[in-house]
There are 8 protein chains.
Amino acid sequence: MNLSNLLSKVASGELSPEDASAEIRDHGIADLGFARVDLHRKKRCGMPETIFCEGKTPRQVADIVTALKEAGQHILATRASKQHFDAVVSLHPEAVFHESARAITLDVGPLSEPVGSIAVVSAGTSDQPVAEEAALVAERMGAKVERIYDVGVAGIHRLVHHLDTLKKSSAVVVVAGMEGALPSVIGGLIDKPVIAVPTSIGYGMNLQGVSALLAMLNSCVPGITVVNVDNGFGAGVAAAMINRNAK
Amino acid sequence: MNLSNLLSKVASGELSPEDASAEIRDHGIADLGFARVDLHRKKRCGMPETIFCEGKTPRQVADIVTALKEAGQHILATRASKQHFDAVVSLHPEAVFHESARAITLDVGPLSEPVGSIAVVSAGTSDQPVAEEAALVAERMGAKVERIYDVGVAGIHRLVHHLDTLKKSSAVVVVAGMEGALPSVIGGLIDKPVIAVPTSIGYGMNLQGVSALLAMLNSCVPGITVVNVDNGFGAGVAAAMINRNAK
Amino acid sequence: MNLSNLLSKVASGELSPEDASAEIRDHGIADLGFARVDLHRKKRCGMPETIFCEGKTPRQVADIVTALKEAGQHILATRASKQHFDAVVSLHPEAVFHESARAITLDVGPLSEPVGSIAVVSAGTSDQPVAEEAALVAERMGAKVERIYDVGVAGIHRLVHHLDTLKKSSAVVVVAGMEGALPSVIGGLIDKPVIAVPTSIGYGMNLQGVSALLAMLNSCVPGITVVNVDNGFGAGVAAAMINRNAK
Amino acid sequence: MNLSNLLSKVASGELSPEDASAEIRDHGIADLGFARVDLHRKKRCGMPETIFCEGKTPRQVADIVTALKEAGQHILATRASKQHFDAVVSLHPEAVFHESARAITLDVGPLSEPVGSIAVVSAGTSDQPVAEEAALVAERMGAKVERIYDVGVAGIHRLVHHLDTLKKSSAVVVVAGMEGALPSVIGGLIDKPVIAVPTSIGYGMNLQGVSALLAMLNSCVPGITVVNVDNGFGAGVAAAMINRNAK
Amino acid sequence: MNLSNLLSKVASGELSPEDASAEIRDHGIADLGFARVDLHRKKRCGMPETIFCEGKTPRQVADIVTALKEAGQHILATRASKQHFDAVVSLHPEAVFHESARAITLDVGPLSEPVGSIAVVSAGTSDQPVAEEAALVAERMGAKVERIYDVGVAGIHRLVHHLDTLKKSSAVVVVAGMEGALPSVIGGLIDKPVIAVPTSIGYGMNLQGVSALLAMLNSCVPGITVVNVDNGFGAGVAAAMINRNAK
Amino acid sequence: MNLSNLLSKVASGELSPEDASAEIRDHGIADLGFARVDLHRKKRCGMPETIFCEGKTPRQVADIVTALKEAGQHILATRASKQHFDAVVSLHPEAVFHESARAITLDVGPLSEPVGSIAVVSAGTSDQPVAEEAALVAERMGAKVERIYDVGVAGIHRLVHHLDTLKKSSAVVVVAGMEGALPSVIGGLIDKPVIAVPTSIGYGMNLQGVSALLAMLNSCVPGITVVNVDNGFGAGVAAAMINRNAK
Amino acid sequence: MNLSNLLSKVASGELSPEDASAEIRDHGIADLGFARVDLHRKKRCGMPETIFCEGKTPRQVADIVTALKEAGQHILATRASKQHFDAVVSLHPEAVFHESARAITLDVGPLSEPVGSIAVVSAGTSDQPVAEEAALVAERMGAKVERIYDVGVAGIHRLVHHLDTLKKSSAVVVVAGMEGALPSVIGGLIDKPVIAVPTSIGYGMNLQGVSALLAMLNSCVPGITVVNVDNGFGAGVAAAMINRNAK
Amino acid sequence: MNLSNLLSKVASGELSPEDASAEIRDHGIADLGFARVDLHRKKRCGMPETIFCEGKTPRQVADIVTALKEAGQHILATRASKQHFDAVVSLHPEAVFHESARAITLDVGPLSEPVGSIAVVSAGTSDQPVAEEAALVAERMGAKVERIYDVGVAGIHRLVHHLDTLKKSSAVVVVAGMEGALPSVIGGLIDKPVIAVPTSIGYGMNLQGVSALLAMLNSCVPGITVVNVDNGFGAGVAAAMINRNAK
């Protein structure tokens, strides 16, 4: 089954939307020619396949959105540009663009009530897009999210007011660039899993985030785990998985 | 309060063990001259301070063990050599050496019943010491641990028999060297948090584990988090923290 | 013999095309001033010299195409932009542009019947241009090629349907970015030479493909060989050489 | 089934060798406690599982040898030290130590007649152990091997006498350290697959073979594929796989 | 003395060109505000100060040219863009732009007769700008230069015709990207100093010339010296210094 | 003047110690054959030449000590082993070995009264040798030094008691390995110059201190300067220079 | 308190500027939604919070400027583009743009008289923007600054005339790219703290300043401290802190 | 012809030394089994093949020495340990060990009179072995060598006395570790070719000489060429080649 062909048939009236939809749902994988969309991922891994927009054309993103929507799935597309959104929204007016998180969402029905509690903490103003990506994906996966932004170690007293929130979270995502010290400081104060996200923010020898990444991997505080540079998405997924099973 | 002095006084009979013990418990920090032992860590971070033996003399390790034991804490010392253990066991005959995990434990009373379930998976024979370190620390923090060893991607069918165990765990620690592909394969099959531990195993351009580390950071499967190369300890702590709060 | 001068003489009528053509064929090397085109390469290395377009002006590419065509050779130009193609097709209307493979081909006669079987496998949508480059060059060198795209390790079940094809190939080219795990998984299932191509696809610390490259070099599966990042061309040539001699 | 236990039973007379052997053959995987030996690998991947000795104790190597021999497989153990061999030969007197290749072999019957032709070329004296490893593993997999050693680019005339041999091989393994130029020179002269093996030979900034590795990955000659630094084993396997299917 | 002020006075008629010129010549260093031009360098180091245009505005380059010309020096400006040249030629119509070498020259009188012999060799078409820079600067320093272009190791027979020229040179500059093997091959055939210039040409993991640089530093042929990536200028200067003193 | 010869003459009675001493003092540089000792450095740079023992034989160190003592200079030798000290103390019984700082000192008269105040802070037990080296050299250059050890960010409350001391120092040296976060935390709390010293302490990907070095270079707190990994000596000198001029 | 809201209320007349200003001054931290501005930093760390413009929108910079001005603080914004300045100056006409230093300043009253003496030295023309940033920030923090530009080691005699100025400074900032040798040469001649700033100037393998950074970290002259590549700001702050306390 | 066999025959009396010698001289290449010694190299490249001892057994070195001596060549063996020398001198008592240069020499007759002039300069005591290697090989190739040691940039006045010697040399080899600044300083003062040799001397982040290597490659002084880290041998060869042709 090639979805592009199938959608063309729908467009030309050769196939009814209902029949097309049925045909798509019957198979776990939708073959779009340029991509095989994994429709059963939610069943297998607990989350729908997310569309990573970088390196895809607006048209390709819009086609995958269509396929997932046909299969009855809530949609999240990350690293989306305005161009990607324009292509999607022209076909699906209900799509929403989250500018700071650089993401597109589209709901095929009401989302379930958020549960538990995740804290997303960022060190500086420039780390915010990555933090927002983490927060948004965690929300899409059903978590209640507390955002605590711009509390870097240069003014560590700013962090103190939020200790209670941090201690009550099932997981804490900490986003920081430059020297990446914030996860260590937070991890030393609480007993909950800390997921550290290095960002490529900084100047000079930060090496596009390697500096923060290394600092986080070498944290003297045990129990901190790390995701790739700027990978707010991965951190949000990990935190939501932990939150989902937390009592 | 300097613990070495204090212990000398005990040795010389100047101070009774009871008084010494009381004096130590009164302070959160035991000053050993060469180290300030953080005795209140368990209260703050949910786990007792662990002794990292590498770079410490056998005598220093033994002194810290004594201080922690006096403070009534269960003890875990990682990266311990036989020399470290000999120094400890000569003072504390109840100490146990875990050779494959390169760790020393000493219980000051019965441990609590293990709860929940963590799986620790290793790819190859040589990854086992790191996996054992992760398993042991998780057990010390109260988790029930399933060990699944030597199931690397070169013979992926070996993994299949363990899928049920993996799916029922609250967190899965995956230890792998060389190309570090195992966490991606496992992460693609289950919906639980995967903590990946790269090891420095391999030959040629594995760069002491950088190869596996990069692979894990760049996993195409979202929700995998990573700890430092050979850091079984950190992975075990993170998994135990998740397990402790899991329903 | 300087080809530019020679072509100018043809343009001005000073020299007949037939005489020019003869003069070119007489020498193994055509001196274009900015490049010495190696016309006898096919005899020596079993394949015609391929034009690598990056870093060459459209005009330079067109001139080399002219020289090779005059020498009676089938032509393949890789890493070609639309601008390169425009310059070529304006002189040689029979030239064909392969957009996804970023390549130009021009046949000076019928190609020989494809023989044997090579499989070209890609992990993700974004790896496709590199895979297409490999497939195209292998086809130009006489191989029959099976394309198996978008079967990455995050959903390893997608690969299963293609095992028979892989097992019957004389060589398998596997193209993957991010953690580069796919060649290991495939190499563990078949007994044919696997040529791994890392791509610069990914985000964060993939270091423009170094992550995948290191993973492939460190594969725990023996017998996997590797080409440079994004070097679909090299992989295609290697696979075609193996295929040509396979029984 | 745990092989160590099983072998202990044999040692104590609790189990007859015949029964033990049968029990082992019945399962594809032999569980040695510290390792699960993959006994069906030959069927699946065309070669028996090879024992990589580095990082294993002599005792562990000897136990795996015993398991494989019980399963009726020819044995190859690479990166073997004299200590590894001593442990093996004390149990299996027919084992042979290949000092320059740092390998142990043990035949459970006559080997099949070598077929085809592979050339193994080395640039300098110090590259020889890696070249020998490649040659030996290719021979164990059934190939006829021609050794051409010490023909580096500093005296390129030394290579000329061997061109005919190279041109008749089904695959050529080229082992070189330092600037790693030899594969390019050879690849420019023949039309057969060249597998390049960088070695960690050199002084100063050769970075343990990275210098040669990068040179080989960046070869201007298409069709050269590369294995990891010092990975003669991998190159030998790849060459033997090509050779096995060559006409 | 600030040259900008001084030139402004000349422009406004406040100061005669002759007086200005005398004033400039009196000092070894001309202070342009943004730069102190070293006018006595030729006396000290045997070559006039060369203007490195990258990172300087066209206006700044033109002002330095004016200062050097006033001081009676032949001028060479490297890494010049068309914009730089336009600014210079509008003030000094006798300036010449060398497009392939990306350089501007301006003679304040007849150049001396070229002496000796330097060979400048390049491996590929794309290495030519760097080679031209080397050749031009050597010529400006009085050397006779032979250019031998596009003779890379993939077709090593192309080099043979030029051996005599190479053997008669007082120094040979070899420019190569990708695997950087050409200097080793040439160095193995002649007994003259070889200066190797790595270029940033290549694709994939050439790391902007690091690949070629490492290869050249690790050459198995003794006596090869290396300059920085793409530093044709430095190689030309070094070769000209050697040539000037050669018998 | 060659000092070895000169000292031999003294040993053989050919030259009186007084004459030898005078001869040495007359020259700013003492030529020891293998080293020219810079005796006037204190006048020029404000500190006596320090002997860096690594890579020097015990005998060489002892000879330089002799030369400096003859010239009437207080002596500091860093990175000294027990072997170095034994060679020195056999000739100069008044020499002192500082084991934790790995240094030898020898006073040729009373040291001046310490002035000002420098704080030397270390994060962990293993950072102490580097911290001691910094403290010792600062003391030798006339500074009063406060040592604050083992106050890393994993238990940031340990730092609080020392804030007053830090605020009253003219400069603060902060020594830390692993993630190197401590200088940022301290720098955010005080308004005095912070000199950060990364150490090679840590495990896994700390890359022998690169992790901490990068963190410190990328600190989000302005005004922190950094010295090389493990370079306690350099940090001590810099702090002492600042302290000397502080009011 | 969210400043954006607060400013909107002022704009709409809902709140008087006086009341708004009072409200801002009452809190140490002004919450702008995207940033929490640290208004009490001067009291804590001796300098007002500086605005780092890179990665912030012109509008964001202008809003922070407004907040700091409302709080009665002198303002310095670094890494400012012309666009940033335009946004600021349209709201605050008294703002000044320092083009070479890429900085914006705005005084809320007369600055205090400059004290002490700092020298800022640069090696080449292209290092000047970084040097100017250092000089400007030091001046904003109350220091008298001497600028000594374009005195690199290629013409070391240019440096001699400035030795007296260097010797009288309380701290010397040395800015250099390429081989970064200037701090070593200066540090060898004076007894004052030298703060070295590597710049990303150079071509070929300077690796965006890593070359100069490594040279400075490895200086054979003790007492040199280093800041990050191109971090003129940090060097200026450090020098001003030293200068402020110098007698 | 296999030399080992041939020498065995001589040892057993099967072959007379005269006949063996003749047989060896007849061929340009002596096949030693483990190495093909290039006996005609001197004719081709102007210098005899030098033996690089690292990675060769003492016996292998001794055999190559024998082969070269039989062929009537002066011998130089570099990177020789005492063990290598012992093996050589037991067969050839006239062999000489140069301890500081780590080299063995053996003359088969009187050396020719040294000509011209090369200066070898070293920055520090620890750079001396590399400098000695350069000096020795240049002498073996017929050059007169001036040694100028321990004149690093920390005390630049020490260099001044040697300027005349430097200016009269046909080439200057400059050996330096740490920040590698000395070649730039020397290159700025003279007009002769400077060959820079980085050494692996230093501590902390010198990265085994990469720091000095990068500094030298990025020198702001044109005309400096570089050899690999610690490659005194290569620098000596290059200088001798230049010197041989100098007038």
Side-chain angles (χ1 to χ4, degrees), chain F residues 38 41-47 49-50 52 76 78 116 137-138 141 167 169-173 186-198 209 213-214 216-229 231-247, chain G residues 38 41-47 49-50 52 76 78 116 137-138 141 167 169-173 186-198 209 213-214 216-229 231-247:
Chain F
D38 185 349
R41 190 184 185 81
K42 190 177 163 57
K43 199 154 49 182
R44 215 171 62 248
C45 299
M47 59 170 301
E49 177 144 318
T50 301
F52 181 68
L76 172 63
T78 63
V137 69
M141 288 178 67
K167 284 182 174 169
S169 306
S170 55
V172 179
V173 173
I186 290 179
L189 297 170
I190 65 173
D191 67 344
K192 293 299 166 49
V194 170
I195 298 164
V197 192
L213 172 65
L214 286 174
M216 292 167 178
L217 286 171
N218 285 289
S219 175
C220 57
V221 177
I224 294 177
T225 60
V226 185
V227 296
N228 207 342
V229 173
N231 189 2
F233 175 65
V237 170
M241 280 181 170
I242 294 170
N243 181 63
R244 198 161 49 192
N245 294 313
K247 60 191 166 202
Chain G
D38 185 349
R41 189 183 185 82
K42 188 175 165 58
K43 198 154 49 183
R44 215 173 60 251
C45 299
M47 60 171 299
E49 177 144 317
T50 302
F52 181 67
L76 172 63
T78 62
V137 69
M141 287 179 67
K167 286 181 173 169
S169 305
S170 56
V172 178
V173 174
I186 290 178
L189 297 170
I190 65 173
D191 67 344
K192 294 297 166 51
V194 169
I195 298 163
V197 192
L213 172 66
L214 285 175
M216 291 166 178
L217 287 171
N218 287 289
S219 176
C220 57
V221 177
I224 294 178
T225 60
V226 185
V227 296
N228 206 344
V229 173
N231 189 2
F233 174 67
V237 170
M241 280 181 169
I242 295 170
N243 182 63
R244 199 162 48 192
N245 294 314
K247 58 192 165 203

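Chain identifiers are assigned alphabetically (A, B, ...) following the order of the sequence lines, protein sequences preceding nucleic acid strands; residue numbering begins at 1 within each chain. For the numbers below, each heavy atom of this structure counts, side chains included, while hydrogens, waters and symmetry mates do not.
Arg244(F) and Lys247(G) get closest at one heavy-atom pair: O-NZ, 3.2 Å. Taking all atoms of both residues into account, the shortest heavy-atom contact from Ala238(G) to Gly223(F) is CB-O, 3.6 Å.
In this structure, the portions of Ile242(F) lying under 4.5 Å from any heavy atom of chain G include both its backbone and its side chain.
Here the rule is side chain to side chain contact (heavy atoms under 4.5 Å, CB included) with Val227(F), and of Ile224(G), Thr225(G), Leu217(G) only Thr225(G) fits it. A side chain to side chain contact (heavy atoms under 4.5 Å, CB included) with Asn228(F) is found for one member of Val226(G), Asn218(G), Leu214(G) and no other, namely Asn218(G).
Of the possible donor and acceptor atoms, none in the side chain of Asn245(G) sits under 3.5 Å from a partner among the backbone N and O of Ala246(F).
Here the CE-CD1 distance, from Met241(G) to Ile190(F), works out to 7.5 Å after rounding to the nearest 0.5 Å.
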